[in-house]
Structure formats: C-alpha cells, structure tokens
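Presented below is the structure to which this report refers.
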Protein chains: 2
Amino acid sequence: MIEKDARQQHAQFIETLEKGVRVLEVFRNGQTSIGLTELAHLCHMSKSAAQRFTHTWCELGYLAKDEHSRRYRLTHKALELGFLYLHTDPLISRALPALKLIRERCNLTVNLSVLSGHDIVYVMRIPGPNQTFAEMLPGRRMPAWSTSAGRVLLSALPDEQIRASLASVEPVPYTAHTELDRDVLFEQIVQARKQGYAFTRDQVLIGQLGLAAPIRNVHFQAVAAVNITAHSSNWSAEKMQQELVPLLMEVTQAVSVG
Amino acid sequence: MIEKDARQQHAQFIETLEKGVRVLEVFRNGQTSIGLTELAHLCHMSKSAAQRFTHTWCELGYLAKDEHSRRYRLTHKALELGFLYLHTDPLISRALPALKLIRERCNLTVNLSVLSGHDIVYVMRIPGPNQTFAEMLPGRRMPAWSTSAGRVLLSALPDEQIRASLASVEPVPYTAHTELDRDVLFEQIVQARKQGYAFTRDQVLIGQLGLAAPIRNVHFQAVAAVNITAHSSNWSAEKMQQELVPLLMEVTQAVSVG
C-alpha cells in the first residue's frame with residue numbers, strides 16, 4: 001500500500017490505467033465470472049466506476065458479458081497479449097527447441113520459467129502424458145521456494161538476497177513433506193547452486209519429482225530455468241537424477257549464451 | 001475508425017484505457033523491443049503521452065525498460081493475464097483432457113481454437129514432435145478462412161454470414177496452393193458443415209495437413225474447434241482422414257454438451 005502511494009505520487013503515473021488493469025487482474029481470485037457489485041467490491045471502486053471499466057474492457061474485447069447472468073468473464077484477447085510476449089521475448093524462441101528436445105527424449109513434462117519477485121512464472125510448458133490441468137497452463141505463478149525451478153533461480157542470487165526472499169514469504173504445507181523451515185530451504189538452495197541443478201520431491205504434490213537447471217545470459221546471470229517433472233510411480237528419484245541430470249545440464253548449457 | 005469514434009462517444013468509454021492497451025498491443029508489429037519515439041508514432045500519440053503510458057506499464061510490471069538501449073519490451077505479466085483466461089474459461093478445462101488424449105494417441109500437434117471476428121485464436125496447443133516455433137505459441141491469431149479450425153467454425157454460421165466474412169477478408173497466398181477464390185472457399189466451408197469436419201492441405205505451409213471438428217455448447221452452437229496437424233512427409237491425406245476423423249469426431253462429441 002505504501003509502495004502504491006509512492007507510485008501514485010509520481011507525476012507520470014496514470015492511475016486510470018492501474019485501476020483498469022486491476023479489473024482484469026481480479027480474476028486472480030479464481031472465479032470464472034464476476035458480477036458488477038462483486039467486482040466493484042474486490043477492486044475497491046464504486047459501482048459506477050466498475051461499470052465504466054467493464055464497459056470499456058467489453059468494447060476493447062477483453063471482457064465479455066453474459067446476457068443472462070449479466071456477469072463478466074475474460075476473453076481470449078487476454079491470451080493474445082500473452083502471445084505477444086512469447087512471440088517477442090528472445091529467450092522463448094531460443095529455449096523452445098531445447099524444451100521440445102527434452103520432452104521427446106524422456107516423455108515427461110518440461111517447463112520454462114522466470115523469476116518474478118518471490119515467485120516463478122511458467123512461461124512455456126510442454127506437457128507430458130500425466131500432467132494435470134493446472135500444470136498445463138502457461139502463465140501460472142508459484143512461490144519460488146516451493147519448486148525446483150524457483151530454487152535453482154534463487155540459488156543464483158547472493159546469499160543475503162536468498163535469505164531476504166525466504167524471510168518475505170510464508171511457506172505453506174502443500175503436502176505433509178513440504179519443507180517449511182527457512183534454514184533448511186536456504187541450505188537446499190545453496191546446495192542447488194553447488195550442484196548446478198535443484199531436485200525436489202513431494203513439495204507441491206505428493207509423488208511429484210522436480211529437476212531444474214538455469215539458462216544463463218552473456219553476463220552469466222540465470223535468466224530462466226528449465227525443469228522436468230515426473231511422478232514417483234513411474235520414475236525413481238535415483239533414476240531421474242542419474243538419467244536426466246546430464247540431459248538437462250547439456251541442454252540448458254547449450255541454450256545459455258556464454 | 002468509424003467504429004472507434006462511435007465507441008469513444010459513449011459516455012461510459014474510458015479513452016485512457018484504450019490508449020494504454022494500444023501501447024501493449026503495438027507489439028503486434030513483431031518488434032521484440034520498441035523505443036519511445038517509435039512507440040509514440042505507432043500509437044498515434046505524443047511522445048510525452050507515450051512516456052506516461054510506458055512509465056505506468058513499467059510500474060505495473062507489464063513493460064520492462066532496458067537500461068542500455070532505453071527500449072521497452074513486454075514481460076511475463078502479459079502472459080499471466082492469459083493464464084487467468086485459461087484458468088477461468090470453463091471450455092478450456094473441459095477440453096484439455098481431450099486434447100491430451102488425441103495427442104497421446106496419434107503423436108501429432110493438437111490445438112484448441114475459438115473464432116474471433118474473421119480470425120481464429122489458438123487458445124491451447126499440445127505440440128507434436130515436428131512443430132515449428134510459431135505453431136507452438138498459444139494466443140496466436142490466424143485468418144479463419146486459411147485453417148481447418150477456422151473453416152469448421154465458419155461452417156457453423158448461416159450461409160450469408162460465411163459469405164460476408166469471406167467478402168471482408170483478402171485471402172493471401174501463404175503457399176502456391178492456398179485457395180484464394182472466395183466461391184471455392186465457400187464451397188469447401190459448406191462441405192465441412194456436411195461432413196462435420198474440415199480438412200486442409202498446403203494452405204498455410206507446404207506439406208501441412210489439417211483436420212478440425214467443432215465442440216458445441218448446449219444450444220448446439222460451435223464454440224471452439226479442435227484440430228490436428230500433420231506433415232505429408234509422415235502422414236498421407238488418406239491415412240489422416242481414415243484414421244483420425246473417427247478419433248477426432250468421437251472426442252469432440254464427447255466434450256460437446258448436448
């Protein structure tokens with residue numbers, strides 16, 4: 001809130017734009033559709049303001065209004081903005097053949113992700129045969145500490161930044177095995193730095209194994225992570241590390257610009 | 001332009017929001033990054049206005065400014081909006097297991113797309129082993145007349161609307177075999193309606209075979225299309241129609257709500 005106030009005080013900042021984007025981002029709450037009253041409430045704006053924003057987004061094609069329920073939902077235009085990012089970011093085009101290669105070699109799910117604050121965002125996903133719905137959608141956000149990709153990206157930061165990031169978040173027990181102790185998480189992240197890859201099991205889903213390595217830019221900065229996920233019913237942790245670490249390291253190093 | 005003027009005259013329409021979105025949509029031109037002068041020119045706004053919009057989008061995290069080149073590029077936040085659409089649209093969650101099933105059965109690329117004016121937009125893509133970069137990105141827009149998915153979606157419209165759509169577009173020869181004659185295109189679309197599926201070859205890429213069938217809602221309206229693409233070096237047109245039409249029809253009918 002303090003951060004927002006500072007932003008708003010900047011003469012260049014267009015508050016209308018922020019409010020407008022808030023109306024689209026309200027779908028972060030998971031509803032498939034939203035009525036005007038609820039939307040106004042969630043966006044902290046008057047109903048008449050919400051009316052103007054939804055009208056404009058409908059005109060621009062980003063929201064659609066159901067005639068019967070009078071509720072609003074996001075449209076494919078939101079996804080088109082995502083396409084523009086995927087199409088214009090040089091990293092994506094460079095990494096995608098590598099993701100496909102890994103996918104074809106091991107027949108497992110392969111993801112590309114970037115760090116976004118204390119989270120990672122999956123930017124490309126090549127689904128394996130056993131992936132769940134939520135695991136297939138690009139653009140998904142996950143806490144960095146909880147995933148192999150996030151841990152390997154955090155490991156590229158200086159120690160004090162890793163500790164600061166861990167201090168800023170509240171680890172939640174996705175499973176009974178989710179590591180919640182910040183000191184242990186710190187050690188596992190430092191371990192990932194030493195190894196050059198991160199390995200996780202049972203952290204977000206029971207039985208899920210994750211393996212991740214970074215892609216680096218010319219300055220040797222980790223700009224993205226490639227990760228492979230498998231299920232312990234099909235892959236042992238040992239087999240995954242023995243067979244897939246060399247493949248993952250080879251491919252991510254080939255994509256890195258060094 | 002006339003349409004936009006009418007929109008702007010509506011008291012509820014927020015012009016600032018439209019201008020702001022235009023700044024993000026400017027990446028439709030294909031540049032990976034844009035400088036301020038060029039952006040102002042492409043968005044038909046003053047440089048100081050462009051400055052305010054880019055500043056705000058950077059603050060909101062949707063644009064990033066390169067310190068050296070002083071150029072702007074889209075960030076993964078644009079993709080997050082796409083995730084919100086994918087996550088909240090009921091059609092996507094219903095159709096995705098079906099796409100995966102087809103993908104695993106035939107090891108070919110499978111797409112889900114929706115009609116958007118005279119175009120289709122690919123909303124989900126499960127890549128096959130031989131797919132090109134551009135073919136892998138969700139959110140991509142293609143002229144409806146040119147693709148099997150677009151033709152099968154157009155075929156669900158009344159004849160006069162199909163003719164009106166074909167009259168509104170200017171078919172371009174992607175390959176030497178691209179069908180450009182609107183009367184022939186109309187006949188092929190009507191043929192797709194009779195068959196329940198559309199089949200294309202060499203329309204956008206030489207050697208590319210496309211097969212598409214619609215998903216219908218409770219009102220029997222075609223709300224999306226599932227299509228499979230193959231390459232003629234691996235699949236004959238005859239084999240594709242014989243082996244994959246039954247699979248595609250079975251799966252799309254199972255996903256349809258009737």
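Reminder, nothing fancy here: chain letters follow the sequence lines and each chain counts from 1.
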Problem set entry | Contact check, side chains of A:Leu86 and B:Met136, non-hydrogen atoms, under 4.5 Å | no
Seminar exercise, completed: When the 4.5 angstrom heavy-atom criterion is applied to B:Gln131 and chain A, the contacting part is both
Exercise. Taking all atoms of both residues into account, what is the closest heavy-atom pair of A:Phe83 and B:Pro138, and its distance?
Worked result: CB-O, 3.3 Å
Seminar exercise, completed: Residues A:Ser116 and B:His76: closest non-hydrogen pair is OG-NE2, 2.9 Å
Exercise. Do B:Thr16 side-chain atoms and A:Thr16 backbone N/O form a donor-acceptor pair below 3.5 Å?
Worked result: no
Problem set entry | Residue part contacting chain B, namely of A:Thr75, when any heavy atom lies under 4.5 Å | backbone
Problem set entry | Check: A:Gln31 main-chain N/O paired with B:Thr88 side-chain donor or acceptor under 3.5 Å | no
Problem set entry | Interchain contact, B:Arg73 with chain A, by part (heavy-atom threshold 4.5 Å) | side chain
For this session: Any chance you could measure A:Met124, atom CE, to B:Leu79, atom CG, to the nearest 0.5 Å?
Result: 9.0 Å
For this session: For the residue pair B:Thr32 and A:His87, establish whether any side-chain heavy-atom pair is separated by less than 4.5 Å.
Result: no
Exercise. B:Leu115 versus chain A, heavy atoms under 4.5 Å apart: side chain, backbone, both or neither?
Worked result: backbone
Problem set entry | Region of B:Ile92 in contact with chain A, defined by heavy-atom distances below 4.5 Å | both
Exercise. For B:Val123, is it the side chain, the backbone, both or neither that has a heavy atom under 4.5 Å from a heavy atom of chain A?
Worked result: both
Problem set entry | Selection from A:Leu74, A:Ile126, A:Ile14 maximising heavy-atom pairs under 4.5 Å formed with chain B | A:Ile14
Problem set entry | Audit row: B:Leu81, A:Glu25, side-chain contact (heavy atoms from CB on, under 4.5 Å) steps and yes/no | CA-CA 7 Å; B:Leu81 285 184; A:Glu25 290 179 349; 4.2 Å; yes
Exercise. Taking the side chain as C-beta and beyond, is there a heavy-atom pair between A:Pro129 and B:Lys100 under 4.5 Å?
Worked result: no
For this session: For side-chain contact (heavy atoms from CB on, under 4.5 Å), just list the numbers for A:Glu59 and B:His10, CA-CA rounded to whole Å, side-chain angles, deciding distance to a tenth of an Å, and then say yes or no.
Result: CA-CA 10 Å; A:Glu59 287 291 320; B:His10 195 295; 5.8 Å; no
Seminar exercise, completed: Note: vs chain B, highest number of non-hydrogen pairs under 4.5 angstrom among A:Val121, A:Leu101, A:Asp89 is A:Val121
Exercise. Between B:Pro127 and chain A, which part of the residue has a heavy atom less than 4.5 Å away: side chain, backbone, both or neither?
Worked result: side chain
Exercise. Nearest heavy-atom pair of B:Ala78 and A:Tyr85: which atoms, and what distance?
Worked result: CB-CB, 4.2 Å
Exercise. Should B:Arg28 and A:Glu80 count as an ion pair when the cut-off is N to O under 4.0 Å?
Worked result: yes
Exercise. So, do A:Gln12 and B:Thr54 sit near enough that their side-chain heavy atoms are less than 4.5 Å apart?
Worked result: no
Seminar exercise, completed: Okay, A:Asn130 and chain B: the region with an atom under 4.5 Å from a heavy atom over there is backbone
Exercise. For B:Lys77, is it the side chain, the backbone, both or neither that has a heavy atom under 4.5 Å from a heavy atom of chain A?
Worked result: side chain
For this session: Please test A:Leu84 against B:Leu24 for side-chain contact (heavy atoms from CB on, under 4.5 Å), starting from the C-alpha separation and ending with a verdict.
Result: CA-CA 9 Å; A:Leu84 294 180; B:Leu24 296 188; over 6 Å; no
Exercise. Side chain, backbone, both or neither: which part of A:Tyr122 has a heavy atom under 4.5 Å from chain B?
Worked result: backbone
Seminar exercise, completed: In terms of heavy-atom contacts, A:Phe53 and B:Leu17 come closest through CD2-CD2, 3.8 Å
For this session: Report, as yes or no, whether the 6.0 Å neighbourhood of atom NZ on B:Lys19 holds more than 12 heavy atoms from other residues, nucleotides or ligands.
Result: no
Seminar exercise, completed: Bottom line for B:Arg103: the part with an atom under 4.5 Å from chain A's heavy atoms is side chain
Problem set entry | side-chain contact (heavy atoms from CB on, under 4.5 Å) between A:Leu60 and B:Phe13, intermediate numbers included | CA-CA 10 Å; A:Leu60 297 174; B:Phe13 191 81; 4.2 Å; yes
Seminar exercise, completed: Okay, B:Leu96 and chain A: the region with an atom under 4.5 Å from a heavy atom over there is side chain
Exercise. Are side-chain heavy atoms of B:Tyr62 and A:Val21 found at a separation under 4.5 Å?
Worked result: yes
